[in-house]
Amino acid sequence: MMELPNRGTILIFPAVSSANVPQLAVDLLVHSFRIPFYSLLDHGGLLYPFAGPREDPSPLANDSATRIPKSGIASSLEVYHNSTVTCLIQRSPTLPASRNLFISKVLLPFIQQNKFSRILLLSSTDASRRSDPGGQKAIRISLYDRSFQGISTPTILDLSRKIAKLSVDEASRPEYEEYALPSRLPGSGITLPFLKAAVNHNLPALSIILYAYEGDNFADAYYMAELVLDALAIASPPEWTPPPSWEGVYGKKQRLGLEHGLYG
């Protein structure tokens, strides 16, 4: 396993789930807060192979020693880390019938070795399959018996209760109600198996789950990133900095007008 330089940081982990909103949100947080790439994490062959160009966040303007951003190869499981936050970014799904193995052999040892103070699992679920299509956009599940914010030594709910605080996040901080852990969240990947493992191992975990449709999900990513900052009581950055690759996701914008060869 991997031992990080700083123990007791906050772990943010995006599950591979509907529309990949969690990955987009964490990439936005990494680039906006300049969280540096630390290492790839060995997943023991339990994730689908993945490789591509990695976009490290741009260095701070006053850091003369590292004015040129570094880049490298992105893989299935990456670690971004500083003295406050660790982002464990999963970029490809688990192999068939490997979710529980991935949790027990990769995630739990990594979490236990580095003694994270809090664990924030980001996920999304298929909005087209929800039973209340007119309902709220986000779910918050906390394995604390009190509000997540401001608690450094939480008490975990007893396993036999399997109760989580589930709520809908709104623009003004809502009152959170208590519900049982959901029995199903279509398209949410390892979310429910991980939360059950977190209960079993007394982990200080919180999950934010967004209802999402496939398509252009940049707005959802910004919304989820704001929910993360709200849950962690962190102020928004002066300016959000998306990864450079976002500019070309849907191709370059066409220049309209007769002088450019296209009708407006």
Atom of [X], atom of [Y] and distance for their closest heavy-atom approach:
{"X": "Ser39", "Y": "Met2", "answer": "OG-CE, 3.5 Å"}
{"X": "Arg54", "Y": "Ala74", "answer": "CB-N, 3.5 Å"}
{"X": "Glu78", "Y": "Leu40", "answer": "CG-CD2, 3.8 Å"}
{"X": "Pro109", "Y": "Lys105", "answer": "CG-O, 3.5 Å"}
{"X": "Ala221", "Y": "Leu28", "answer": "O-CD2, 4.2 Å"}
{"X": "Leu210", "Y": "Ala138", "answer": "CD1-CB, 3.7 Å"}

Given 3.5 Å as the limit, does a donor-acceptor pair link the side chain of [X] with the main chain of [Y], or not?
{"X": "Arg34", "Y": "His31", "answer": "yes"}
{"X": "Ser17", "Y": "Ser188", "answer": "no"}
{"X": "Glu3", "Y": "Gln113", "answer": "no"}
{"X": "Arg118", "Y": "Ala205", "answer": "no"}
{"X": "Asn217", "Y": "Tyr213", "answer": "yes"}
{"X": "Asp42", "Y": "Gly44", "answer": "yes"}
{"X": "Ser32", "Y": "Thr241", "answer": "yes"}
{"X": "Ser117", "Y": "Gly8", "answer": "yes"}
{"X": "Glu214", "Y": "Ala19", "answer": "yes"}

With rounding to the nearest 0.5 angstrom, report the [atom1] to [atom2] distance, [X] to [Y].
{"X": "Gln23", "Y": "Ile89", "atom1": "CD", "atom2": "CD1", "value": "8.0 Å"}
{"X": "Ser236", "Y": "Asp230", "atom1": "OG", "atom2": "CG", "value": "9.0 Å"}
{"X": "Ile10", "Y": "Leu232", "atom1": "CD1", "atom2": "CG", "value": "5.0 Å"}
{"X": "Thr94", "Y": "Asn100", "atom1": "OG1", "atom2": "CG", "value": "9.0 Å"}
{"X": "Asn200", "Y": "Leu108", "atom1": "CG", "atom2": "CG", "value": "9.0 Å"}
{"X": "Leu77", "Y": "Leu41", "atom1": "CG", "atom2": "CG", "value": "4.5 Å"}

Cluster question for you: counting only ILVMFWY and a side-chain heavy-atom cut-off of under 4.5 Å, with indirect links fine, are [X] and [Y] together?
{"X": "Ile111", "Y": "Ile141", "result": "yes"}
{"X": "Leu185", "Y": "Leu107", "result": "yes"}
{"X": "Val85", "Y": "Met224", "result": "yes"}
{"X": "Ile208", "Y": "Val26", "result": "yes"}
{"X": "Leu195", "Y": "Leu88", "result": "yes"}

If we check side chain to side chain contact (heavy atoms under 4.5 Å, CB included) with Pro243, which of these qualifies: Asp27, Asp56, Leu24?
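When side chain to side chain contact (heavy atoms under 4.5 Å, CB included) is applied between Pro243 and each of Asp27, Asp56, Leu24, only Asp27 qualifies.
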Consider side chain to side chain contact (heavy atoms under 4.5 Å, CB included). Of Leu47, Leu46, Val106, which one does Ser98 pass it with?
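Only one of Leu47, Leu46, Val106 forms a side chain to side chain contact (heavy atoms under 4.5 Å, CB included) with Ser98, namely Leu46.
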Does any non-hydrogen side-chain atom of [Y] lie less than 4.5 Å from one of [X]?
{"X": "Cys87", "Y": "Val79", "value": "no"}
{"X": "Arg91", "Y": "Ser75", "value": "no"}
{"X": "Phe218", "Y": "Val21", "value": "no"}
{"X": "Phe110", "Y": "Phe116", "value": "yes"}
{"X": "Phe37", "Y": "Pro57", "value": "no"}
{"X": "Pro186", "Y": "Arg184", "value": "yes"}
{"X": "Leu95", "Y": "Tyr48", "value": "yes"}

Would you please classify the geometry between the Trp240 ring and the Phe33 ring as parallel, tilted or perpendicular, with 30° and 60° separating the classes?
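Geometry flag for Trp240 against Phe33: perpendicular rings.
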Applying side-chain contact (heavy atoms from CB on, under 4.5 Å) to Leu206 and Arg140, what does each step give before you reach the verdict?
CA-CA 7 Å; Leu206 172 79; Arg140 170 171 153 154; 3.7 Å; yes
Would you please test Thr191 and Ile209 for side-chain contact (heavy atoms from CB on, under 4.5 Å) and show each step?
CA-CA 9 Å; Thr191 302; Ile209 304 161; 4.0 Å; yes
Residue Ile73 excluded, over 12 heavy atoms near CD1 under 6.0 Å
no
Looking only at side-chain N and O atoms, does Ser76 offer a donor or acceptor that is under 3.5 Å from a partner on Ser92?
yes
Thr86 side chain to His81 side chain, donor-acceptor N/O pair below 3.5 angstrom
yes
side-chain contact (heavy atoms from CB on, under 4.5 Å) assessment of Ile103 paired with Leu101
CA-CA 5 Å; Ile103 292 168; Leu101 271 177; over 6 Å; no
Could you name each residue pair satisfying ring-ring contact (aromatic ring centres under 6.0 Å, His included) that touches residues 186-212, not counting sequence neighbours?
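Of all non-adjacent pairs touching residues 186-212, none passes ring-ring contact (aromatic ring centres under 6.0 Å, His included).
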Run Val228 and Leu29 through side-chain contact (heavy atoms from CB on, under 4.5 Å) and show every step you take.
CA-CA 9 Å; Val228 170; Leu29 290 167; 3.9 Å; yes
